[in-house]
Amino acid sequence: MKMKELLLFLACVLSVSADALHSDAHINGCSDSDGEDVYTLDGEEVAYADFNKKEEIYPQPPFIDPMTYQEGTYDTAVADQQTCRVTMKNVGKGMKDYPPEQDVPSAVMIYTRDEVEFGVLNTLICHVTGFYPAPVNVSWTKNGQKVTGSSINVPYPNKDGTFKQTSRLQFTPQLGDIYSCAVQHLALTQPLTKIYEVDSSARSDPGVGPSVFCGVGLTLGLLGVAAGTFFLIKGNECS
Ligand SMILES: *[C@@H]1O[C@H](CO)[C@@H](O)[C@H](O)[C@H]1NC(C)=O
């Protein structure tokens, strides 16, 4: 087996505080065709190196106080990629180009970020896990047509050494629309596809469900109090 064909993904977790409330991790890894360098907090991306845009990206949601790492973080990531590739080459030699393991994704899940309401902007999520090596490609369709504009996070290592990745697509639910996410991976001969259909179980009149539920609960509660009071008075009358 040639070195070129050897796709070995080395990932090293540099600092993880075990058995603590939170885990802060820096993960960097490389393969012949890919590489990643990401800082995470409790599994969420804080910052990652975008080797296409050649800069550090901070994909934090708008509700947190923005933070950045020191200048040169991206350049360090690039240097670490070099080290990773050299290490990988040496490991390949040491193991006599022993073919690396390949695991097909063990699960692909499709779901929405928020409860579905017709006409209200939402996010479709395609979560892929259990694969090795990283990464996967995820493509989306709507009613059979390819759609663009989805995003995917960098691979995150599972405890068993496999990886997981999540792709997101913004969408506005309309009754009858059918979405799919198709996952491509080195170890798959054909894409793994999951379907999401916007069906009539979606809410079209927001707020009615919870308020009916609350109203019924409140009524039952008041009935209980009334019955309790009744028996309390009754009991006192007898004694
Ligand atoms: C993912 O897509 C890229 C670009 O189209 C391609 O080069 C690569 O082989 C794909 N990877 C997999 C695992 O299919």
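Nothing here was measured: the structure is a model prediction, and the numbers come from that model. For ligands, and for the atoms within them, numbers begin at 1 and follow the listed sequence.
- At the top of the distance list for atom 13 (C) of ligand 1, counting protein heavy atoms only, stands L186 N, 3.5 Å.
- In the displayed structure, E44 atom CD is contacted under 6.0 Å by at most 12 heavy atoms of other residues, nucleotides or ligands.
- Nearest protein heavy-atom contact of atom 9 (O) of ligand 1 is N137 ND2, 4.8 Å.
- Hydrophobic clustering (ILVMFWY, side-chain heavy atoms < 4.5 Å, transitive): L124 and V120 are in distinct clusters.
- When distances from atom 7 (O) of ligand 1 to the protein are checked, no heavy atom turns up under 4.0 Å.
- Residue F63 belongs to a hydrophobic cluster whose other members are I64, with links defined by side-chain heavy atoms closer than 4.5 Å.
- Less than 4.0 angstrom separates atom 11 (N) of ligand 1 from at least one non-hydrogen atom of the protein.
- Among all non-hydrogen protein atoms, the one lying nearest atom 14 (O) of ligand 1 is Q184 CB, 3.6 Å.
- In the hydrophobic clustering of ILVMFWY residues, with side-chain heavy atoms under 4.5 Å counting as a link, I152 and V46 come out apart.
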With a cut-off of 3.5 Å and sequence neighbours excluded, list every side-chain donor-acceptor pair involving residues 65-78.
unit_1: T73; atom_1: OG1; unit_2: Q70; atom_2: O; d: 2.5
unit_1: T76; atom_1: OG1; unit_2: G72; atom_2: O; d: 2.8

